[in-house]
Every structure is written in structure tokens, then in C-alpha cells.
Number of protein chains: 2
Amino acid sequence: MSQTVDRALSILPLLAEGPADLGQVADRLGVHKSTALRLLRTLHEHGLVYRQSDQRYRLGARLFALAQEAMENLDVREIAHPHLIRLNESCGHTVHLAVYEENEVLYIDKVESRYPVRMYSRIGKPVALTVAAVAKLLLADLPEHERRAVAEKLDYPSYTPRSTPNATAFLRELEKVREQGWATDLGGHEESINCVAAPIRGADGRVVAAMSVSAPNVVVTADELLTLLPLVRRTADAISGEYSGRTPVKGTV
Amino acid sequence: MSQTVDRALSILPLLAEGPADLGQVADRLGVHKSTALRLLRTLHEHGLVYRQSDQRYRLGARLFALAQEAMENLDVREIAHPHLIRLNESCGHTVHLAVYEENEVLYIDKVESRYPVRMYSRIGKPVALTVAAVAKLLLADLPEHERRAVAEKLDYPSYTPRSTPNATAFLRELEKVREQGWATDLGGHEESINCVAAPIRGADGRVVAAMSVSAPNVVVTADELLTLLPLVRRTADAISGEYSGRTPVKGTV
DNA sequence: CTGCGGCGTTGCAGTGTCTGCAACCTTCAT
DNA sequence: ATGAAGGTTGCAGACACTGCAACGCCGCAG
């Protein structure tokens with residue numbers, strides 16, 4: 001909508017790939033060097049871009065701070081956090097919290113497992129939509145046409161033989177998830193990792209977030225993990241209760 | 001430098017404070033609603049801004065993803081991480097890694113303590129410059145005039161009676177830190193928390209990052225914490241060695 | 001049901017801001 | 001010393017951005 005801003009913002013993902021010098025930025029934007037310079041300067045003034053010692057540009061510190069603040073403003077996260085901790089303390093596995101936004105699902109909180117085997121995942125990282133249990137829950141709650149649109153636009157990478165193969169299978173899975181009110185990922189993303197997930201709902205019943213417990217095969221089998229389902233659902237429901245204002249939170253006025 | 005981009009970027013910190021509607025944004029920017037709308041739209045297209053269900057604007061998901069990628073591109077962090085983990089495993093306390101950038105010091109990594117007492121700090125959060133041990137190390141390494149300029153521009157909040165009171169005291173402290181090659185914060189930020197920190201240097205000897213171990217009084221006294229200094233320094237040196245390419249990293253070709 | 005007020009959105013004309021150019025400067029390598 | 005490469009600046013012209021005003025939408029109250 002706004003050419004100048006559009007160009008300036010296009011610089012950010014470009015720099016996210018790694019540092020670049022003025023010429024590279026100008027080329028990839030398709031603008032004159034002087035133009036790129038002025039855009040970078042503006043970004044720099046706002047701290048979004050940093051000029052490292054070799055004169056090349058990198059993403060800047062304020063970006064972290066902004067992301068940080070944005071995160072702290074997410075009510076769900078704040079409310080959910082103590083519950084996630086408690087769940088982790090009682091079962092020992094990795095616990096995730098995720099939300100859906102604009103065709104992406106991303107982790108907004110994570111509590112690490114209490115044993116040395118760690119999962120590779122990070123707060124802020126986009127989630128594999130087609131296989132992750134939390135993604136299934138969040139997508140399953142979208143209005144029908146939107147769900148269909150998303151499902152057909154997606155790629156279906158075969159992470160493992162158990163990955164969701166295509167849109168049809170995915171939509172069927174979402175339908176199932178929608179009805180049963182919980183979801184799993186049994187080795188669909190990484191062969192040896194299973195997840196079980198439950199939805200967190202707002203006052204209007206819409207799914208606002210999803211949480212999951214993940215554990216590798218070497219620690220517990222899929223069946224054993226599934227025995228945690230009631231606990232996961234209870235936790236998710238407790239969070240839903242607080243989030244939608246139904247459950248008064250002790251300690252709050 | 002570029003008015004349009006400048007205005008657009010000013011929206012981000014504004015939204016970081018909390019969601020706002022079109023009118024509020026326009027007012028605070030001092031522009032017409034239609035102008036604000038177009039800026040917001042552009043930000044939206046790039047995923048930096050999200051329109052929540054009540055039509056108000058919030059910071060968007062891509063911001064997390066960008067911050068995430070930026071962080072993963074920081075070589076120091078990647079190299080340091082396993083060392084931090086190991087240090088945490090051997091001493092049990094909270095371990096931080098921080099860098100300096102444009103008048104700010106911020107945590108770029110953190111390993112939580114192995115006991116229930118947790119510190120309030122977050123990756124991406126700016127650090128209290130005048131008291132934190134890591135900040136002292138990073139500022140102490142700045143060229144003299146810059147160090148002085150920063151010191152005089154700062155506020156010196158009295159978090160505790162032991163907080164650095166003013167620029168003079170701070171500069172003296174920095175000089176000391178510079179000479180001894182390590183730093184502490186003994187209850188200067190939070191009465192009951194002590195830190196001991198060491199610098200990580202690049203090939204040219206400049207301080208590129210600083211790491212610290214923090215622990216509350218209730219767990220160990222300041223004196224006990226200080227006995228960890230050699231271990232902290234060894235860890236920092238090991239990281240420096242890898243970072244500057246002096247130590248070949250096993251497992252890497 | 002209807003009229004009102006608030007808020008977001010769109011088309012348009014004027015102009016102020018951004019663009020690309022070309023010349024200049026610095027740094028580094030030959 | 002000389003040249004090349006990349007960064008920086010001033011300028012005139014073009015066009016993208018701005019603010020306005022009118023419109024549409026929704027919720028609310030009479």
C-alpha cells in the first residue's frame with residue numbers, strides 16, 4: 001500500500017538471512033544505492049537494524065525488545081504460564097503453548113523437559129502446520145471455508161512416513177480433531193517424538209491457543225503418553241476458565 | 001531520514017504498549033486517520049502488525065520470527081550455548097549471556113537455575129546498565145570518550161543502597177573492571193541477588209559479549225559465589241577461544 | 001423501526017517527499 | 001601513486017503520499 005514503507009520492511013526478512021552490505025540490499029530491493037541507504041538509515045534510527053563493525057547491516061536489538069514486549073502483552077501466555085510449569089512438574093515432559101495468526105502457528109511458550117533429552121523447538125518459531133498436534137487444533141477451529149483454503153494452499157512435506165500426506169487427509173484429520181476436542185502427533189514430524197495436545201478456548205468457545213506435551217519414544221511410548229491426555233485436557237480447561245474470566249484467579253483482586 | 005518509514009516504524013513501539021485502534025494510532029502519530037490506515041496496512045502485509053478480532057491492532061507474529069532468526073544468526077550465541085549449559089550443570093545457578101549494541105545491553109541467552117528460585121530476566125530484555133555485571137564489562141571495553149559519553153547520559157536509579165550512584169562512581173567502577181578483567185554485581189540491582197561475570201573476546205581482543213552467573217543470597221552467599229569466578233573465567237575464555245577461531249571445535253570439519 | 005454518532009474505508013487533487021543520478025569521498029589493494 | 005569498489009551527499013524532477021471530504025457500516029437510543 002505504501003511503496004516506501006513496503007520497501008523498507010522488505011529489508012528486514014532479507015537481513016534475517018544474514019548480514020548484508022548496502023549494495024546487496026539495494027540489488028535485492030531493486031532500487032538505487034542511495035535509496036537503500038536512506039531506508040537503512042531510517043531503520044537504523046529506530047534500532048531495527050544494526051551496523052556491525054565491518055559496515056554490514058544486521059537486524060538490530062530493538063527487534064528483540066519489541067518481540068519481547070509483544071509477547072508479554074499476550075494475555076493467554078501470561079495466564080497459561082504457571083499452569084504449564086505445574087504440568088511440566090507433574091509429568092516431566094516438554095510443554096508447549098501455541099497460537100494461530102495469519103496462516104502461521106507459532107510457539108509462544110515452552111517449558112523444557114526435566115530429563116536431558118531436549119526437543120528442538122523455540123519460542124517464536126513457526127510450527128509445521130500439517131503435522132503438529134497444536135496446529136491441528138488451531139486450524140480445526142477455523143471456519144470451514146477458511147480451513148479448506150488453508151489446507152489447499154499448504155505443502156505437505158513428508159517428514160516421516162506418518163506425516164499427513166495431502167490436503168484431503170489433512171481436512172479429514174482436522175474434522176476428527178474438531179469432534180474429539182484434542183489432537184495428537186504420533187511421529188508425524190520426527191519419527192521418535194509423540195505429542196498430545198488440547199485446546200484453550202475463550203469466552204465465546206473459539207480456540208485461542210493450544211497446548212501440548214511432547215516426549216520422545218525413548219522415554220515413554222505413545223500409549224503411555226496418551227494416558228496423560230486427561231491431565232493435559234484438565235490443564236487446558238483450567239487455563240480456558242481463567243482466560244475467559246469464568247474462574248476467578250486467586251491472588252488477583 | 002524518510003518521513004513515511006519513520007512514521008510507520010513509530011507505530012511499532014506504540015503498539016508494543018498494548019493494542020490500539022486506528023484513531024489512537026493516528027492521534028499519537030499526529031497524522032490523518034487515512035494516513036495511519038495505509039501505514040498500518042503496509043505493516044500488516046508484512047506481518048509486523050496483526051488485526052485482532054475487535055479490529056484493534058497488535059504487534060504481529062512475524063516480529064517473533066524475525067527476532068528469532070536474528071538471534072540464531074548471532075555466532076557468539078551459538079558458540080557459547082553449550083558452554084553455558086555445561087557451566088549451569090556444574091554450578092546449578094542461572095547463567096546469562098549478553099551483548100552491547102547502541103547504548104543498550106541485552107541478554108541473548110539464559111540458562112535457568114536448577115533450583116526453584118528463578119530470576120526475573122528474559123532473553124531480549126534490556127539490562128540495567130549501571131549495575132549489572134555484564135553491562136560493566138561491555139561498557140568498560142568501549143573507547144574512553146564513548147564510555148564517558150554513555151556514562152554521563154545515563155540515569156542512575158537507586159535500585160538498592162548498593163546501586164551505582166552516579167557517573168563518577170560508575171566510570172571508576174568501569175576502570176576497575178577493565179583492569180581486573182571481570183565484574184560483579186553484589187546486590188546492586190536486587191538486594192538479594194549477586195552476580196559474577198567474565199568477558200568473551202574476539203580475535204582482536206575486543207569484548208564481544210559477557211557472561212554471568214547469578215544466585216540469590218538464600219542459596220549461596222556473595223563470598224561463596226565469588227569462588228566460582230575461576231570457573232566462570234575459564235568458561236568465558238573457552239568461548240573466546242572458539243569464537244576467535246583459535247580453538248578448533250571438535251565435531252566441526 | 002429509524003435516526004444518530006462513531007469509526008473505518010475509499011477516490012481524488014495538490015504537493016511535499018522520495019527517487020535516481022552524478023559527482024565526491026574514503027578505504028583498500030595493486 | 002593509482003585505480004577500483006563501496007559509501008555518501010546535493011539536486012531537480014516525478015510521483016507517491018497526504019489530508020480532505022464523502023461514503024458505508026455498525027451499534028445504540030429514542
Side-chain angles (χ1 to χ4, degrees), chain A residues 1-15 17-60 101-102 143 145-146 202-206 245, chain B residues 1-15 17-60 101-102 143 145-146 202-206 245:
Chain A
M1 286 270 86
S2 166
Q3 191 192 54
T4 317
V5 178
D6 186 43
R7 285 173 171 172
L9 297 182
S10 304
I11 293 178
L12 298 178
L14 192 155
L15 290 184
E17 296 169 20
D21 64 26
L22 180 62
Q24 294 168 342
V25 172
D27 281 353
R28 295 203 39 187
L29 278 189
V31 300
H32 196 270
K33 277 188 307 177
S34 57
T35 305
L37 178 70
R38 283 181 284 245
L39 296 177
L40 281 166
R41 273 227 257 264
T42 312
L43 289 169
H44 181 91
E45 272 172 27
H46 285 259
L48 298 185
V49 145
Y50 176 66
R51 194 130 195 219
Q52 46 186 34
S53 44
D54 61 352
Q55 295 245 99
R56 292 191 306 166
Y57 295 91
R58 264 209 312 94
L59 291 183
E101 187 173 305
E102 312 264 320
H145 62 279
E146 199 173 336
D204 54 0
R206 291 289 311 271
Chain B
M1 288 268 89
S2 165
Q3 191 191 55
T4 317
V5 178
D6 187 46
R7 285 173 170 171
L9 297 182
S10 304
I11 294 177
L12 298 178
L14 193 155
L15 289 185
E17 295 168 20
D21 64 28
L22 180 62
Q24 294 167 345
V25 172
D27 282 352
R28 294 204 40 189
L29 279 188
V31 299
H32 197 269
K33 276 187 308 176
S34 56
T35 306
L37 177 70
R38 281 180 286 244
L39 296 177
L40 281 165
R41 273 228 258 264
T42 312
L43 289 168
H44 180 89
E45 273 172 25
H46 286 258
L48 298 185
V49 144
Y50 176 66
R51 194 121 197 230
Q52 45 185 34
S53 45
D54 61 354
Q55 296 247 102
R56 291 191 306 165
Y57 294 91
R58 262 210 312 97
L59 291 182
E101 186 173 307
E102 312 265 320
H145 63 280
E146 201 173 334
D204 54 0
R206 291 288 312 272

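In this text the structure is predicted, and so the values were computed from the model without any measurement. Chain naming here is simple, since letters A, B, ... match the order of the sequence lines and numbering starts at 1 in each.
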- [ ] Taking only heavy atoms on the protein side, list every residue of residues 24-35 of chain A lying under 4.0 Å from any atom of DNA chain D, sorted numerically.
- [x]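 When residues 24-35 of chain A is checked for heavy atoms under 4.0 Å from DNA chain D, the hits, listed by number, are A/K33, A/S34.
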Not counting sequence neighbours, which residues clear side chain to side chain contact (heavy atoms under 4.5 Å, CB included) with [X]? List them please.
X      : value
B/E146 : B/Y100, B/L142, B/P143
A/Q24  : A/A20, A/D21
A/A8   : A/L39, B/V5

Rounded to whole Å, please give me the gap between [atom1] in [X] and [atom2] in [N].
X     : N      : atom1 : atom2 : value
A/L39 : D/dT8  : CG    : C1'   : 15 Å
B/R7  : D/dA16 : CZ    : C1'   : 13 Å
B/D6  : D/dC17 : CG    : P     : 15 Å
B/L22 : D/dG24 : CG    : P     : 19 Å
A/L40 : D/dG7  : CG    : P     : 10 Å

Open item on the list: Tell me every residue that passes side chain to side chain donor-acceptor pair (under 3.5 Å) with B/Y50, counting only those two or more places apart in sequence or in another chain.
Closed with: none
Open item on the list: Can you tell me which residue among B/L14, B/V49, B/L37, B/T35 is in a side-chain contact (heavy atoms from CB on, under 4.5 Å) with B/V25?
Closed with: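 With B/V25 as partner, B/L14, B/V49, B/L37, B/T35 yield a single side-chain contact (heavy atoms from CB on, under 4.5 Å), made by B/L14.
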- [ ] Quick one: pull up CG in A/L40 and CD1 in A/I11 and give me the separation to the nearest 0.5 Å.
- [x] 4.0 Å
Open item on the list: Working to the nearest 0.5 angstrom, can you tell me the gap between B/L48 CG and A/L12 CG?
Closed with: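 Between atom CG of B/L48 and atom CG of A/L12 there are 6.5 Å.
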Task: Pairs involving residues 22-31 of chain B, ordered by first then second residue, that meet salt bridge (Lys or Arg N to Asp or Glu O under 4.0 Å) (sequence neighbours left out) - done: B/E17-B/R28
Open item on the list: Tell me which pairs pass salt bridge (Lys or Arg N to Asp or Glu O under 4.0 Å) where either residue lies in residues 33-50 of chain A, with sequence neighbours left out.
Closed with: none
TODO: Indicate, yes or no, whether a donor-acceptor pair under 3.5 Å links the base of D/dG19 to the side chain of B/R38.
DONE: yes
Open item on the list: Looking only at the side chain of A/Q3 (C-beta and beyond, no hydrogens), which of the listed nucleotides D/dG7, D/dG19, D/dC17 gets closest?
Closed with: D/dC17
TODO: Only counting residues at least two apart or in another chain, list the ones meeting salt bridge (Lys or Arg N to Asp or Glu O under 4.0 Å) with A/R58.
DONE: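 Partners of A/R58 under the salt bridge (Lys or Arg N to Asp or Glu O under 4.0 Å) test: B/E101.
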- [ ] Tell me, please, which residues at least two apart from A/R56 pass salt bridge (Lys or Arg N to Asp or Glu O under 4.0 Å).
- [x]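 Salt bridge (Lys or Arg N to Asp or Glu O under 4.0 Å) check on A/R56 returns A/D54.
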- [ ] At the 4.0 Å heavy-atom cut-off to chain B, mark where contacts on DNA chain C begin and end, going 5' to 3'.
- [x] C/dG8 to C/dC18
TODO: Five pairs at each end of the helix from C/dC1-D/dG30 to C/dT30-D/dA1: take the axis at both ends and give me the angle between them to 10°.
DONE: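 Comparing the axis at each end, I get an angle of 30°.
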Open item on the list: Categorize B/R51 for me: base, sugar-phosphate, or nothing, with a 4.0 angstrom heavy-atom threshold over every strand shown.
Closed with: sugar-phosphate
TODO: Please tell me which of B/T4 and A/R41 maps to the more 5' nucleotide of DNA chain D, matching each residue to the nucleotide holding its nearest heavy atom.
DONE: A/R41
